[in-house]
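Step one of this worksheet: look at the structure below.
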Amino acid sequence: MTKRLTEVAKKAGVSEATVSRVLNGRDGVSEATRTAVLTALDVLGYERPTKLRGERARLVGLVLPELQNPIFPALAEVVTGTLAQRGYTPALCARTIGGVSEMDYVEMLLDHQVSGVIFAGGSYALADARHDHYRRLTDRGLPVVLVNAGVDELGFPRVSTDDAVAVEQAYGHLRSLGHERIGMVLGPEGHVPSRRKLDAMVRVAGWGEDDAECVQRSSFSMEGARVAATKLVERGVTGIICASDVLALGTIRAARRLGRAVPTDISVVGFDDSAFMTCTDPPLTTVRQPIETMGQAAVDLLVTQIEGVGVLQDELLFEPELVVRGSTAPAPGR
C-alpha cells in the first residue's frame, strides 16, 4: 500500500497524503488534483477503489498492431501529443507476436474505465477477422475512432487515407515513365485498405481477369514481400506498387536477389512515407500519408464523442501525396 501511494503521488505530482484523501473519498481536494491522482492510478495499472470505479478516467487508449513499422510510432507521437494538449492521458497498447492480443487490450482498457479508444491497423481492417471485442465497446457506449479503412458494419467514425487517390498517383507516375507492365504487392486478401487499392487499380488501369497475375498478396513483412515480388519480377513486371513502405523494401530486396537493379530494371513505389525512407538505397519513391493531420483529426473526433457534442459516422478521407525519389526511373528501353 505504501509503495502504491508513493508511486501514484510521484506520478501525479502531489503528496502521499493527498493521494490517500482522494482514494478514501475525503473532501478538501480540488477537482483537478483529484483527476490527476485517478489518472495516475490508471496509468500505473492500479485498480481504483470500488466506489470510484464507476467514473471514467481522462485516459484514452491508443491500440497499435506493432511498433516495428515506423509509421505507427509516428502516428503514436501525433496522437499522444494531441491528447495531452486536450487534457487526456494516453495509454499506448502495442501488440506483439505471441504477446497481448488486441482483444486482451480492449478488456484491460475497459477495466481501467478509459474515456475512449483510438485504433490503428487493428483486426477491424481484416474482413475475415473476429470483431466481437469491438462490439463490447459499442455495448458500453465507449467513444471509438478507427484510423484507416475497416469493415463497414462496425459503425465507428473513421479517419483514412484515400487509397484510390494513392493508387492513381502511383500508377500515373509509373505510366509517365513508360512502364506498361505494372504489378502490385498488397496485404492479405481480407485487408480492407488493400482491397480499396486493388479496386482503384482495376479502374484506372482497366484491368481484367488476365491481369490477376499482376497482383501478389503478402503479410506486412519484408520477407513476405520478397516472396510475393519475386513472382511479379519473374512474370516481366517492371513497375511495382506496394501497400506499405515495408513491402516496398522487401520488393527491392527481391529484385536484387534476382539480379535486377532498382530503378534501372525495376521501379518500386511504396506507401506511407515512414521515417528513414530518404535513407534507403535507393531512397524510396512513396505515397505519403498525412499522418499529422489524420492523428489530430482522430483525436478531435474522439474528444467530440467524449464531450457528448456529437458523433460523425462518415469516414473522413485525407488526400495523400506522391513523393518521388530514387526507386523509380524510366522503363527499360526508354
Expected output: side-chain [X] to main-chain [Y] donor-acceptor under 3.5 Å:
{"X": "Y171", "Y": "I182", "value": "no"}
{"X": "R217", "Y": "G187", "value": "yes"}
{"X": "T286", "Y": "V269", "value": "no"}
{"X": "S218", "Y": "G224", "value": "yes"}
{"X": "N148", "Y": "A120", "value": "no"}

Shared hydrophobic cluster, V268 / M184 (ILVMFWY, side-chain heavy atoms < 4.5 Å) |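 Result: no, two separate clusters.
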Please check if V63 and L154 belong to a single hydrophobic cluster, counting links between Ile, Leu, Val, Met, Phe, Trp and Tyr side chain heavy atoms closer than 4.5 Å.
->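 Yes, because V63 and L154 connect within a single hydrophobic cluster, where side-chain heavy atoms sit under 4.5 Å apart.
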Could you verify whether a donor N or O on one side chain and an acceptor N or O on the other, from T82 and Q296, lie under 3.5 Å apart?
->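 There is no such pair (donor and acceptor under 3.5 Å, judged by atom type) between the side chains of T82 and Q296.
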Does a side chain donor of either T285 or H173 reach within less than 3.5 Å of an acceptor in the other side chain?
->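 Their side chains do not contain a donor-acceptor pair, so the 3.5 Å distance test is not met.
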Within a 6.0 Å radius of atom [atom1] on [X], are there more than 12 heavy atoms belonging to other residues, nucleotides or ligands?
{"X": "E107", "atom1": "CD", "answer": "yes"}
{"X": "D210", "atom1": "CG", "answer": "no"}
{"X": "E223", "atom1": "CD", "answer": "yes"}

Side chains of [X] and [Y]: closer than 4.5 Å at any heavy-atom pair?
{"X": "R257", "Y": "T230", "answer": "no"}
{"X": "R196", "Y": "D199", "answer": "no"}
{"X": "R195", "Y": "L186", "answer": "no"}
{"X": "V185", "Y": "L232", "answer": "yes"}

Centroid separation F156 to Y124 less than 6.0 Å |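 No, ring centres 6.0 Å or more apart.
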Looking at E31 and R34, does any basic side-chain N land under 4.0 Å from a carboxylate oxygen?
->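 Looking at R34 together with E31, the answer is yes, because their closest N to O distance falls below 4.0 Å.
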Going through the distances and angles, do D273 and I291 end up as a side chain to side chain contact (heavy atoms under 4.5 Å, CB included)?
-> CA-CA 10 Å; D273 195 29; I291 287 298; over 6 Å; no
